[in-house]
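Worksheet for the structure shown next.
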Amino acid sequence: MRRSVALTAIATIGLTGSVFASQIAPENVTFVDDIEVPISLTGQAGDAAKGREWYAGRKLGNCLACHATTDLNELPFHGEVGPAMDGVADRYEEAQLRAILVNSKKVFGDQTIMPGFYVVNPGARTAGDFQGQTIMSAQQIEDVIAYLKTLTE
Amino acid sequence: MKCGGKGSLRWGAGLALASLLVGAGAAYGEPNDNKLVIDGQTLTTEAAAPEGVELDKLYSGWRFRSPETQELQTDDFENPAMVAVDQGAELWGTVDGSAGKSCMSCHGEAEASMKGVRAGYPKWSDKRGKPHTLETQINECRTDRMEADAWKWESSNMLGMTAFVGLQSRGMPVKVQTDGPMAQWHAKGKELYFTRVGQLNMSCANCHQENYGKMIRADHLSQGHINGFPVYRLKWGGLGSSHRRFKGCMENIRATPFKRGSDEFVALELYLASRGAGLSVETPSVRN
């Protein structure tokens, strides 16, 4: 009994220490000139292989729904609502990609159809399960950025 | 700002590219040129945009479907919605309720009395002090005149009946009242159409006005008209009302949808009907 309480306590400290302490909350992300977010949202590097999954995943980034991407030609149904992502790493710095992902509206203007992936309750009537939630987590955003950085031409 | 010469150059190039591609969007996703002919009758699937609607031209959703799906709608023997239409036709003549009446008792043959009806709904009702949809009008007949139970919005009886009544207007241009007492409902529907909702923070206009013709994942975006409703959707395996479609689109953008038959969806239905004015009624159409 005593042992399990102690274990839980350690686990909790471990979690707080490694995941939450250095994570920047959505409302605290600092933009430079509306087009750059220079600092990693988690203080950790992203994982490009995971990012590739989040990018294609329908329940996550679902980036492929709008952006055709040659690197993902093994998957069907690339959208054409946004520009193709081939060579995107040659066009943007990491800080700019982060700004676009966190809140596309800051970068492209309010009219853009592209969702902001690290903002909370942007639209009216957000459905219950999604209230107060960002579309992707801070680490997932970093992972997708790492993946985008592999898209050079 | 840490943005050196190289950074800002790249930035500029990126933006230019983005706007180029976005601007050129319509080029790679035009509606196809097929003609919709059913039983020798040619339906109007493109029309001039009504005043105040920011579209170059109106196109029926049928024009964005694959040739295989399109074909199902060109032949009434292949159209899977016709089973429900037959059900509606039978209900038309079936006595129900304590007044001992059927629709036929008051309206006679639907082929004559219901011609043009679908094209003009939603329609103002003085009695209700708000617009009637075809569904609420049918239910008013059932409860007040037939003294029968109201049907549920998405029940097979209601869908069969709205499909059967709608079919009597097939080929006629959609034309709804938007002035007088309808003006504020129209305005409300327009406001809803352009309001961004949900975690994805999108409006109907984002997809159906600004990006129609393009692929969004596996879907070819249409202008989102309602001239074919109720539609038979292969995905649903049956008929569905326009309000069911609105609900689905809102859920896809992770918004809490309004209820079927709510004032909001009635207003949206009216506004959408007015956006599609001049297109032929296609009820019952087939979609994927």
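Throughout, a chain's letter reflects where its sequence line sits, starting with A, and its residues are numbered from 1.
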Mark yes when over 12 heavy atoms from residues, nucleotides or ligands other than [X] sit less than 6.0 Å from its [atom1]; otherwise mark no.
| X | atom1 | answer |
| --- | --- | --- |
| Lys105(A) | NZ | yes |
| Glu54(B) | CD | no |
| Glu51(B) | CD | no |

Name, in order of residue number, those residues of [range] that have a heavy atom at a distance of less than 4.5 Å from a heavy atom in chain A; otherwise write 'none'.
| range | value |
| --- | --- |
| residues 195-210 of chain B | Arg196(B), Val197(B), Gly198(B), Gln199(B), Leu200(B), Asn201(B), Met202(B), Asn206(B), Cys207(B), Glu210(B) |
| residues 235-254 of chain B | Met250(B), Arg254(B) |
| residues 264-278 of chain B | none |

Inset, instruction - State, yes or no, whether a side-chain contact exists between Ile113(A) and Asn211(B) at a heavy-atom distance under 4.5 Å. - result: yes

Based on non-hydrogen pairs under 4.5 Å, which of [options] is most in contact with chain B?
| options | answer |
| --- | --- |
| Gly87(A), Gly79(A), Pro76(A), Ala68(A) | Gly79(A) |
| Gly116(A), Pro115(A), Ala95(A), Ala65(A) | Ala65(A) |
| His78(A), Gln111(A), His67(A) | Gln111(A) |

Inset, instruction - Can you tell me which residue pairs pass the salt bridge (charged side-chain N to carboxylate O under 4.0 Å, His left out) test with a partner in residues 55-68 of chain B, sequence neighbours excluded? - result: Asp33(B)-Arg63(B), Glu46(B)-Lys57(B), Glu46(B)-Arg63(B)

Inset, instruction - Against chain B, label Gln133(A) side chain, backbone, both or neither, depending on which of its atoms sit under 4.5 Å from a heavy atom there. - result: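 Its backbone and side chain both get close to chain B.
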
Inset, instruction - Please flag which part of Asp129(A) lies under 4.5 Å from any non-hydrogen atom of chain B: side chain, backbone, both or neither. - result: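 The answer is neither part of Asp129(A).
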
Inset, instruction - Without swapping roles, check the side chain of Arg217(B) against the backbone of Cys66(A) for a donor-acceptor pair under 3.5 Å. - result: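 No; zero donor-acceptor contacts below 3.5 Å.
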
